[in-house]
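For ligands, and for the atoms within them, numbers begin at 1 and follow the listed sequence. Side chains included, hydrogens not; waters and symmetry mates left out as well; all remaining heavy atoms used.
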Amino acid sequence: MRMKLAATAAMALAAMPLSASAEGEVNIYSYRQAYLLEPLLNAFEKETGIETNVVFAKQGLAERLEREGRNSPADVVMTVDISRINELVERDLVQGVDSDVLNSNIPDNLRHPEGKWFALTTRGRLIFTSKERVEEGEITTYEELADDKWNDRICTRSGKHPYNIALFSSLIAHHGEEWTEQWLQDVKDNLARKPQGGDRDQIKAIAEGVCDISIGNSYYYGNMLQDENQRPIAEQVRLVFPNADGRGTHVNISGISLTKSAPNKDNAVKLMEFLSSPEAQRIYAEANTEYPANPEVKPSGLVAEWGEINPDQLSLQTIADNREAAVKLVDRVDYDGE
Ligand code: FE
């Protein structure tokens, strides 16, 4: 696999020499980091002989695709978070894929109805509690975060962050806007401090005694446990799979889409199919302590040790559709304000 960072964006893929591989190539725009993709793409190249070229970026890939238009060298986009994925659809930058392989590997609720995106991994948005100050089983649902008993005891990142917006969007789907607005107001009233930092910082805040409860994505916790320096911090919290006994835990996704202009469409679809296969799903999920999107593949290692996740079956497309409403509610209750 050939890699490029978007920092060198001036060197467009189009300017690169054509692949020498007889099987051709496939060009990937990715928000996902190199170390996550490398083992996968190596396996794909080995199996198919198709060469992969990757452009990594932290942001701006949708804008870049738009700018490049029909001349874009990109075949697929790999990204995280349903709202970012949906943005590609709304800007009309991607096309549908109708593949029996993808349709059978990836469940309905984890793909676009016309195949404009497919989830490759999922991550639970979990509740983390202080092992010292919160009893096991004392909180089991997102709904309970609104309870008075947690007054001054909750930490979260910004309410406007896409991960929180997706969670709030799921609450709108399950309870309606009015209910969710009240819930958001109550959770805000329970915050121990103004929303700040990332998901990992909230776990740190629990370890420091700033708060007793936080919300965060499962892989952050997993990555902290795997990091020698952060493990002692992560070990001070207990993870809770919210709503495990009910509708299930809210999950977000990482996914892949075929670009509208894809010059190597057949190879791109081969790559997408490969990434949904059990072999690739195992490698991909493990690299970032995520869950495989293919239900045939069971989580392994650390993630398996956490016990089974019962994911909310709500369509991710519904979550994307509720995004605007969720943003409005966050503004209305001034979640990030004093
Ligand atoms: Fe993240």
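- Note: W306 and Y221 meet the aromatic proximity criterion, with ring centroids under 6.0 Å apart.
- Under the 3.5 Å distance criterion, the side-chain polar atoms of N109 are matched with a main-chain donor or acceptor of Q313.
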>> Could you go through L41 and V54, starting from their C-alpha distance and side-chain angles, then the distance that decides it, and tell me whether this counts as side chain to side chain contact (heavy atoms under 4.5 Å, CB included)?
In response: CA-CA 10 Å; L41 299 181; V54 191; 3.5 Å; yes
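- For the Fe ion (ligand 1), protein N, O or S atoms closer than 2.8 Å were enumerated as Y163 OH, Y219 OH, Y220 OH, with waters left out.
- Every side chain to side chain contact (heavy atoms under 4.5 Å, CB included) that Y335 has, sequence neighbours left out, goes to T156, L184, V187, K188, L191, P195, V330, V333.
- Annotation: side chain to side chain contact (heavy atoms under 4.5 Å, CB included) contacts of K149 (sequence neighbours excluded): E138, D147.
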Side-chain polar contacts of residues 163-170 - donor-acceptor pairs under 3.5 angstrom, sequence neighbours left out - could you list them?
unit_1, atom_1, unit_2, atom_2, d
Y163, OH, Y219, OH, 2.9
N164, OD1, R125, NE, 3.1
N164, OD1, R125, NH2, 2.9
N164, ND2, R157, O, 3.4
N164, ND2, S158, O, 2.9
S169, OG, I165, O, 2.7
S170, OG, L167, O, 2.7

